Structures are given as C-alpha cells and as structure tokens.
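As structure tokens, the structure follows; a few thoughts come after it.
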Amino acid sequence: MARHLITSALPYINGIKHLGNMVGSMLPADVYARFLRQTGREALYICATDEHGTPAELAAKEAGLPVGEFCAQQHEVQKAIYDGFGLSFDYFGRSSSPENREITQHFARQLQKNGFIEERAIRQVYSLADERFLPDRYIVGTCPHCGYDKARGDQCENCTRVLDPTDLIDARSAISGSSELEVRETKHLFLLQSKLQGEVEAWIDEHGKDWPVLASSIARKWLTEGLHDRAITRDLDWGVPVPADTWPELAAEGKVFYVWFDAPVEYIGATKEWADQQPEGRDWKSWWYEATDVRYTQFMAKDNVPFHTVMFPATELGTREPWKKVDHVKAFNWLTYYGGKFSTSQKRGIFTDAALELLPADYWRYFLIANAPESDDSSFTWEHFTSSVNKDLADTLGNFVNRVLSFSRKRFGDEVPAGNEAGAAEAELGEEIARLLAEYAEHMEELQFRKAAQALRALWSAGNSYLETKAPWLEIKTDPDGAALTLRTAMNLIHLYAVVSEPFIPASAAAMRSAFALPADDRTWITQDEARSLSLVPAGTPFTVPPVLFAKITDEDLASYKERFGGDDAA
C-alpha cells in the first residue's frame, strides 16, 4: 500500500493569512490527510512558513525587529492560528531552518555539477546611502502609468502594471528613503531552465494527465511560452547563503538564494526537521529519495502552480538524483470577498485570526470546504455563510443530534433504549446510508471536496428524513418499543456522523462521539456493512446530551459582521 505525502503551499511569513489562503491550500490538505488516516492509510502532512525574501525584510523593518527575530515571532503567531483551525500537520517547519539551508545548498551544488547553473553579470540598482544593491521591491516611486506614488520597482499595486525600477519617477530606496541611486553591474547565478524544458515537458506528459484542468493548463501555458533561464540569487541579508565552497566570490559578496529557489526545497527540509525533532530520529529520506512507494499530493492556489509544476520539477530533474516529484497537484481558484480580491496588504476581507475570534473553527472549515473554489472562483458573502451555517450545521446536523438525544433521555433515561428489532424502514435507511457513504468516500478519494460536502450533507439529511417519517414523538404514544427502535437507530446515525464527518468538523465530531460511553471506541471509519446495520451503538450504552453543537447566526450577528468587515460594497 502506498504511503501518502501531502504538502500545502507555504504561507508567507509577513502577516496573518486570510480565508482565501486557508481554503486554497492548507485546509483542503488537512481534510484529505485526515480522511486518509481514518481510512487506514499512512499519511505525512508537511507544511512550513516561507521566511526568506524581500517582503520578510521589509516587514521586519516596519516592525522594528531583526528579521530573524521577526520571523520566529510570526511563525509562532501563524502556528497558533493553524492549531486553532485544527490543522493536523505532522510537522509545521520553517524555511530558515538549518535543514533547509543544507538541502538547498546541496541542490545548487548538484545543478552546478551537471551544468545547469551559470554565473552571469547583470545591471541592477545600487543605493549609495544603503551601500547595497536593491531588489526591485526595495525601490519605490511614482508609477509612470497611473501616478500612484508608492509603486514598487517590480509592479504598481494600484494599476497592476508590471514595471522595471528604471520606469519609476522619483525612485527612492524603500529602506532609507534615499534617492541616491545608480545602476551598477553585479553577478548572479542563473538556473538554465531552457536546457531542461524538454525533460519537464516529458515529465508533465507522463505525470500530469490526471491533474485538474486548472493545474495542467497553467503548467502547459508556461511550457508553451518557453522556459527562460532565471536568476536564483539575490543581494539580501536574509536567506540561504550561496555556499563558499562552490562560489567563493559570490559568497564573499553575501549573495543568498532567491526565495522561490529555496522555498519548495523546504518541503524536503521540513520533513527532515520533523525527523530531527525526535530524540530517536525518524526516517525522512525514504519519503523523498527513491520514494517509489510514495504518492505525493500538493495543494495550492493557482498563482503557485507554475513554481510547483514547472520550476521546482526542473530543479529536481537537474540534480540528476531520484528526488520525489509531485504525483497530483490539486489547484484552486480564488475565493473572493463579495466578488473582490482578498488582500493582505489592503486588509480587505476576513483574516484567519479574526475568523476564530468570531466563531468556532468548524463553522469556517465546513463552509470553506463546501464552497471551495475548485472549478471557478467562488465568492464569500456573509449572507451565504450565514445561510450555510444555519441550514446545514445548526438545523440539519446540530438539531438532529440535540432532539434525538434530548427526547430519548426524557422518555427512556440515560441509556440507549432497546425496543424492537430493526424493520423495513431501518433496512431501507441502512441501504441509503451505505450508498451515500460510498459516494462521500469516492469524492474524497478523487479530491472533489464540494461534491464530498454534498454527500456528507445528504448523509445528515437522511437522518432527518428518517426521523420525520418515523416521528417517535407520536410513535411513543402507541408503540413505545417502536419509538425506542427509532431513537436507537438515530443514535447510531449520530455515531456514524461523528466518525465520517471528522475531516470536515473535527471538534464537533469529537463532541458527538463523546456523547456515547462506548468501551474502547477507537473506530476511525465505518464499513459498508456497518453502515447498513447501524448497530455499533448497542442498547444499554450510557449517553449524555452534549452542549449545542452549532448556534445559529442571528440577523443581529449578520449585521454586526457586515458593519465590521464590509459587505455588498467590499469589492
């Protein structure tokens, strides 16, 4: 049986992420990892903060902290939020780790050895006041196209035009504010991707056949346009240093590797971090090197696809070593906020820390996965969120659990009632539950999360339909044993829901499961036969009524959320 390696796009270190970032990578990866584990597969879910590059230095400068200290603090802040969302990383590492430095430098040496790295002289802006070359993002000025006076040297955020630093009017250093700039010659390392294009195309032809259209089309678009040689070093103080044993002159100048060169290597680096954290050690290399028994699935939003489907595979191929390459790329479109882009820099939309302050994580987990932007962009609105939470979670699932357990305790006490043997209605229900469970599992295997959520919702609805048909509140007046059977069956549904809903709503699933005092209840999955029989919670099992699983969002709540975060005019 294959082992499953799962990674999600690395969240960047310079600030709290918004809900679009969560649903585009980490959350669906977590749902899939949980499903694999509960169905008996060995799964390793690895992620990390992406800590190098210009934005990290600028954010640290704004915070008044050394960049290393800033990144360490922000890593802990982000990790706490992801813990709050219940993300079940096996390890959440840091791209600034010694392990990533070691492996990144190894990759660079191998690429150099095999003739895929070349040193080239280029012309770059130098700040006399800062006594350093400036990356494009370190240069700010007025956009020549729209007049925006805080445009960066790579792109104007206001009009989105791509720029060259020399295009800016009144250009100045983002570090010191000085306009004493001049263009000088400097040397950098270039990855010769053009020499690897044929190999990358062949690899995608072989392995990309079953990728979602979004992932494969983006990868092929980049290949059609042609792979260009790319500078993979920068003049920065913070990053993986160029190794002096291979490039002594560049190392002496303080060159570091470009963040997009070392960040994908951190998937491997974080796996080694995971191993190194244990006193007894763990095997990390078999997950990545000659890993023929590993199926590797990556989760990311569409803007990350080119780097993971073209550039990093080119890097791996160029090492001429058997590093594991991705088998399946699950790419997502954008989650928008009332049709407009979430924006970290402009603080538009809902950010993950604020989301957890408002409502428990399961509300967000369910809504985001049930509305994941798989085939197209999807829009977050407070109205849609409220409707989904109230209808699906509070009414369909939460109300079912509460009324079954409360009514049974009131009429039969604190143990699951016995009553009659299962009859035709229970047999019909069992067949429907078994069918829906198979449908749910199939969609999860295929990484079709919206369809899986629909099947899960149908499972919850089936219990309500059964309860309405049997009407135990009426049945008990003429047939107490029949009512007891209905409630016993419904309690078995609650237990089944607790097990199979765990990837979507883990905290609520744990609360449902804990309602029953079953001995050694370590079941992780429900088989088709078990779903048909609905008998895993036998008569006589003690139970309690848990607190309300999902509180409804009121009109007053909705109004306050829109007032705080913006609503219809947010775009």
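Worth knowing before you read on, the calculation uses all heavy atoms, side chains too, and leaves out hydrogens, waters and symmetry mates. Here, residue 1 is the first one in the sequence, and each next residue gets the next number. Please read these numbers as outputs of a predicted model, since none were measured by experiment.
No salt bridge links E57 with R234; every basic N to acidic carboxylate O contact stays at or beyond 4.0 Å. For the pair R101 and E99, the salt-bridge criterion is not met [side-chain N within less than 4.0 Å of a carboxylate O]. Using a cutoff of 4.0 Å between basic side-chain nitrogens and carboxylate oxygens, K221 and E225 are scored as salt-bridged. The existence of a salt bridge linking E273 and R94 is excluded, since no basic side-chain nitrogen approaches an acidic carboxylate oxygen closer than 4.0 Å. A salt bridge links R120 with D229: the distance from a Lys NZ or Arg NE/NH1/NH2 to an Asp or Glu carboxylate oxygen falls below 4.0 Å. Using a 4.0 Å cut-off between charged nitrogen and carboxylate oxygen, D130 and R132 do not count as a salt-bridge pair. Using a 4.0 Å cut-off between a side-chain N of Lys or Arg and a carboxylate O of Asp or Glu, R230 and E118 do not qualify as a salt bridge.
For the side chain to side chain contact (heavy atoms under 4.5 Å, CB included) test with S97, the passing option among E266, E51, E102 is E266; the others fail.
Separating the NZ atom in K552 from the CG atom in N390 is a distance of 5.5 Å, to the nearest 0.5 Å. To the nearest 0.5 Å, atom OG1 of residue T315 and atom CG of residue L196 are 8.0 Å apart. Atom-to-atom distance recorded for N371:CG and S379:OG is 10.0 Å, nearest 0.5 angstrom. Considering CZ of F257 and CG of L191, their distance stands at 10.5 Å, rounded to 0.5 Å. Between E563 atom CD and L558 atom CG the span is 11.5 Å, to the nearest 0.5 Å. Here Q110 contributes atom CD and T246 contributes atom OG1; the two are 10.0 Å apart, rounded to the nearest 0.5 Å.
Here P313 pairs with W203 under the side-chain contact (heavy atoms from CB on, under 4.5 Å) rule; sequence neighbours left out. Partners of D276 according to the side chain to side chain donor-acceptor pair (under 3.5 Å) rule, which considers only residues two or more places apart in sequence or in another chain, are K272. Residues satisfying the ring-ring contact (aromatic ring centres under 6.0 Å, His included) criterion with F385, sequence neighbours excluded, are W364, F367, F380, W382. With sequence neighbours excluded, no residue forms a salt bridge (charged side-chain N to carboxylate O under 4.0 Å, His left out) with D353. Contacts of H106 classified as ring-ring contact (aromatic ring centres under 6.0 Å, His included), with partners at least two apart in sequence or in another chain: none. With sequence neighbours left out, the side chain to side chain donor-acceptor pair (under 3.5 Å) criterion links D392 to Y366, R457. Residues forming a side-chain contact (heavy atoms from CB on, under 4.5 Å) with A219 (at least two apart in sequence, or on another chain): I204, W211, T309, V310. Partners of S216 by side chain to side chain donor-acceptor pair (under 3.5 Å), not counting sequence neighbours: none found. Under the rule for a side-chain contact (heavy atoms from CB on, under 4.5 Å), P98 has no partner lying at least two apart in sequence or in another chain. Partners of S388 by side chain to side chain donor-acceptor pair (under 3.5 Å), not counting sequence neighbours: none found.
Judged by a 6.0 Å distance limit and a 45° cone about the ring axis, K324 is not positioned over the six-membered ring of W287. Note that K330 lies in the cation-pi zone of F332, set by a 6.0 Å cut-off to the ring centre and a 45° limit from the axis.
Heavy atoms of other residues, nucleotides or ligands lying less than 6.0 angstrom from CD of E62 number 12 at most. The number of heavy atoms from other shown groups lying within 6.0 Å of NZ (K451) does not exceed 12. Within a 6.0 Å radius of CG in D170, no more than 12 heavy atoms belonging to other residues, nucleotides or ligands are found.
Across all non-hydrogen atoms, the minimal contact from N333 to K302 is OD1-NZ, 3.5 Å. Counting all heavy atoms, side chain and backbone alike, C47 lies closest to A9 at SG-O, 4.0 Å. Across every non-hydrogen atom of P144 and I169, the tightest pair is CA-CD1, 4.0 Å. In terms of heavy atoms, D557 sits closest to S560 at O-OG, 2.7 Å. Contact between N14 and A59 at its shortest, heavy atoms only, is CB-CB, 3.8 Å. Scanning all heavy atoms of the two residues, the minimum distance from A372 to R450 falls at O-CD, 3.0 Å.
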Yes or no on side-chain hydrogen bond (donor to acceptor under 3.5 Å, both in side chains) for Y338 and H384, after CA distance, side-chain angles and deciding distance?
CA-CA 10 Å; Y338 284 87; H384 186 197; over 6 Å; no
Using the salt bridge (Lys or Arg N to Asp or Glu O under 4.0 Å) rule, take E383 and K562 through it: C-alpha gap first, then chi angles, then the decisive distance, then the call.
CA-CA 9 Å; E383 293 81 1; K562 292 183 67 175; 2.6 Å; yes
Apply salt bridge (Lys or Arg N to Asp or Glu O under 4.0 Å) to E182 and R123, showing your working.
CA-CA 10 Å; E182 62 184 37; R123 295 179 65 76; over 6 Å; no
Determine, step by step, whether Y561 and T386 satisfy the side-chain hydrogen bond (donor to acceptor under 3.5 Å, both in side chains) criterion, reporting the C-alpha distance in whole Å, the side-chain angles of both residues, the deciding distance to 0.1 Å, and the verdict.
CA-CA 10 Å; Y561 298 159; T386 298; over 6 Å; no
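In this structure the side chain of Y258 never reaches within 4.5 angstrom of the side chain of T233, judged on heavy atoms. Looking at heavy atoms from C-beta onward, Y32 lies in side-chain contact with I6 at the 4.5 angstrom threshold. A heavy-atom distance below 4.5 Å is found between the side chains of P506 and D362. Looking at L163 and H145, their side chains come closer than 4.5 Å, going by heavy atoms from C-beta outward. Contact check for E131 versus Y126: side-chain heavy atoms found under the 4.5 Å cut-off. In this structure, the side chains of M311 and F261 stay at 4.5 Å or more apart for every pair of heavy atoms. Looking only at side-chain heavy atoms (C-beta outward), W288 and Y296 come within less than 4.5 Å of each other. Considering only heavy atoms from C-beta on, L236 stays 4.5 Å or farther from F133 through its side chain.
Taking the six-membered ring for Trp and the full ring otherwise, the centers of F550 and Y363 sit less than 6.0 Å from each other. Ring centroids of W323 and F107 are separated by less than 6.0 Å, placing the two rings close together.
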Residues 75-89 side chain polar contacts: donor-acceptor under 3.5 Å, at least two apart:
{"residue": "H75", "atom": "ND1", "partner": "T49", "partner atom": "OG1", "Å": "2.8"}
{"residue": "Q78", "atom": "OE1", "partner": "Y82", "partner atom": "OH", "Å": "2.8"}
{"residue": "Q78", "atom": "NE2", "partner": "Y12", "partner atom": "O", "Å": "2.9"}
{"residue": "Q78", "atom": "NE2", "partner": "G15", "partner atom": "O", "Å": "3.2"}
{"residue": "K79", "atom": "NZ", "partner": "D83", "partner atom": "OD1", "Å": "2.8"}
{"residue": "K79", "atom": "NZ", "partner": "D83", "partner atom": "OD2", "Å": "3.1"}
{"residue": "S88", "atom": "OG", "partner": "D30", "partner atom": "OD1", "Å": "2.6"}
{"residue": "S88", "atom": "OG", "partner": "R37", "partner atom": "NH1", "Å": "2.8"}

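Listed by first and then second residue, the salt bridge (charged side-chain N to carboxylate O under 4.0 Å, His left out) pairs involving residues 251-264 are D235-K255, E253-K255 (not counting sequence neighbours).
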